Amino acid sequence: MKHVKRTALIFGLLLFGCNQANAKTTAVIKIKESNIKAPNLENDKEQIQKFIRHVLVWADSSPINLLPVSIDRKNKFVVGVNLDQHKRNVSKLKATNYFSTGFIDNYNQIVLSLDKGIRDGKYGQWLVGDLPIFTFTSNTNPWCGCQDVPFDKPNPWEFVKINIISLDNNKAEADWKWGKLELNTDPSWKNFAYRFRAVKESGKWKIAYLEGFDCVRATRKNK
């Protein structure tokens, strides 16, 4: 099982730019869950936990190919993104009503940046059949930051538990982790955490940010 690699290297400038809404996180007061006394905390936490589980179930069976590619006539190299299919993907994401406008705009910017980078030769040659030459969709599934799951169950996502980092009336930041792990489970699963943010729109929680869709990380060239 491989998790997303984190490095200390941060690009000072992306050639193609990322959604600034993703880079400029609204400032919130970081508070420990144990110190929160708001009466709706547990209710909101339960709603968010159910919601992220639901999104993960959907993503696990989603027919959306997050990075549909175009191939040259010789069927040898990937030469860009199939932008017609990408537009259909964006429409499908909107139709789920699971994702905020900011999340969808950020996903769109990731794909357009990668398309331009492929066509301009920023990432080098990408042979058909090889893993992507950038981080996005390369080694792990961006929906969960993993390649597999620690449970051999029909619905392993029901074991996802969240840890609230910050929460107000309509915004939340949290990590989700695997709960109910066996004592002999590999330590990498026990140490695993996946960051996400949610916003409440018209009384409904929606995904605003997923770690696997971080624009800066997603558009990095693989080493």
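Predicted, not measured: the structure shown is a model, and the values here were computed from it.
Linking ILVMFWY residues whenever their side-chain heavy atoms come closer than 4.5 Å, directly or via other members, leaves Phe213 and Val199 in distinct clusters. Cluster membership for Phe103 and Leu112, using ILVMFWY side-chain heavy atoms within less than 4.5 angstrom, is shared. Placement of Trp189 and Trp176 within a single hydrophobic cluster is found when ILVMFWY residues are connected by side-chain heavy-atom separations under 4.5 Å, directly or transitively.
Remark: the backbone N or O of Leu114 is not paired with any side-chain donor or acceptor of Tyr123 at under 3.5 angstrom. Not one N or O on the side chain of Thr140 forms a donor-acceptor pair closer than 3.5 Å with the backbone of Pro142. Side-chain N or O atoms of Asn191 include one that pairs as donor or acceptor with a backbone N or O of Pro187 at under 3.5 Å.
The two residues Asp115 and Val81 make their nearest non-hydrogen contact at OD1-N, 2.7 Å. Minimum heavy-atom separation, His86 to Asn108: NE2-OD1, 2.8 Å. Residues Cys215 and Thr219 come closest through the heavy atom pair O-OG1, 2.8 Å. Looking at every heavy atom in both residues, Gly80 comes nearest to Ile118 through N-CG2, 3.6 Å. Residues Ser100 and Glu201 share a closest heavy-atom pair of CB-OE2, 3.7 Å. Looking at every heavy atom in both residues, Pro132 comes nearest to Thr137 through CG-OG1, 3.5 Å.
For Asn155, the side chain to side chain donor-acceptor pair (under 3.5 Å) criterion is met by no residue, not counting sequence neighbours. Applying the side chain to side chain donor-acceptor pair (under 3.5 Å) test to Asn75 and every residue at least two apart in sequence or in another chain returns nothing. Evaluation of the side chain to side chain donor-acceptor pair (under 3.5 Å) rule for Asn170 yields no partner, not counting sequence neighbours. Under the rule for a side-chain contact (heavy atoms from CB on, under 4.5 Å), Asn169 has no partner lying at least two apart in sequence or in another chain. Residues passing the salt bridge (charged side-chain N to carboxylate O under 4.0 Å, His left out) test with Lys177: none are found, sequence neighbours excluded. Here Asn89 pairs with Gln85 under the side chain to side chain donor-acceptor pair (under 3.5 Å) rule; sequence neighbours left out. Residues passing the salt bridge (charged side-chain N to carboxylate O under 4.0 Å, His left out) test with Asp186: none are found, sequence neighbours excluded.
Under the 30°/60° scheme for interplanar angles, the aromatic rings of Trp143 and Phe99 are found to be tilted. Between Phe136 and Tyr107, the two ring planes are tilted [angle within 30° to 60°].
For Ser70 and Asn82, the side-chain atoms include no donor-acceptor pair closer than 3.5 Å. Side-chain atoms of Asp214 and Tyr209 form a donor-acceptor pair, as typed in the model, at a separation below 3.5 Å.
In the hydrophobic clustering, where aliphatic and aromatic side chains (Ile, Leu, Val, Met, Phe, Trp, Tyr) are joined below 4.5 Å either directly or transitively, Leu131 stands alone. By the 4.5 Å side-chain criterion applied to Ile, Leu, Val, Met, Phe, Trp and Tyr, Leu127 is assigned to a cluster that also includes Phe77.
For the pair Lys171 and Arg197, the minimum side-chain heavy-atom distance is 4.5 Å or more.
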What pairs of donor and acceptor atoms, side-chain ones from residues 178-185 against any protein atom, are under 3.5 angstrom apart with sequence neighbours left out?
from   : atom 1 : to     : atom 2 : distance (Å)
Thr185 : OG1    : Glu182 : N      : 3.1
Thr185 : OG1    : Glu182 : O      : 2.8

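Residues in residues 50-70 take part in these salt bridge (Lys or Arg N to Asp or Glu O under 4.0 Å) pairs, two or more places apart or across chains: Glu46-Lys50. For residues 107-145, the pairs satisfying disulfide bond (SG atoms under 2.5 Å apart) are Cys144-Cys146, with sequence neighbours left out.
Using a cutoff of 4.0 Å between basic side-chain nitrogens and carboxylate oxygens, Lys76 and Asp72 are not scored as salt-bridged.
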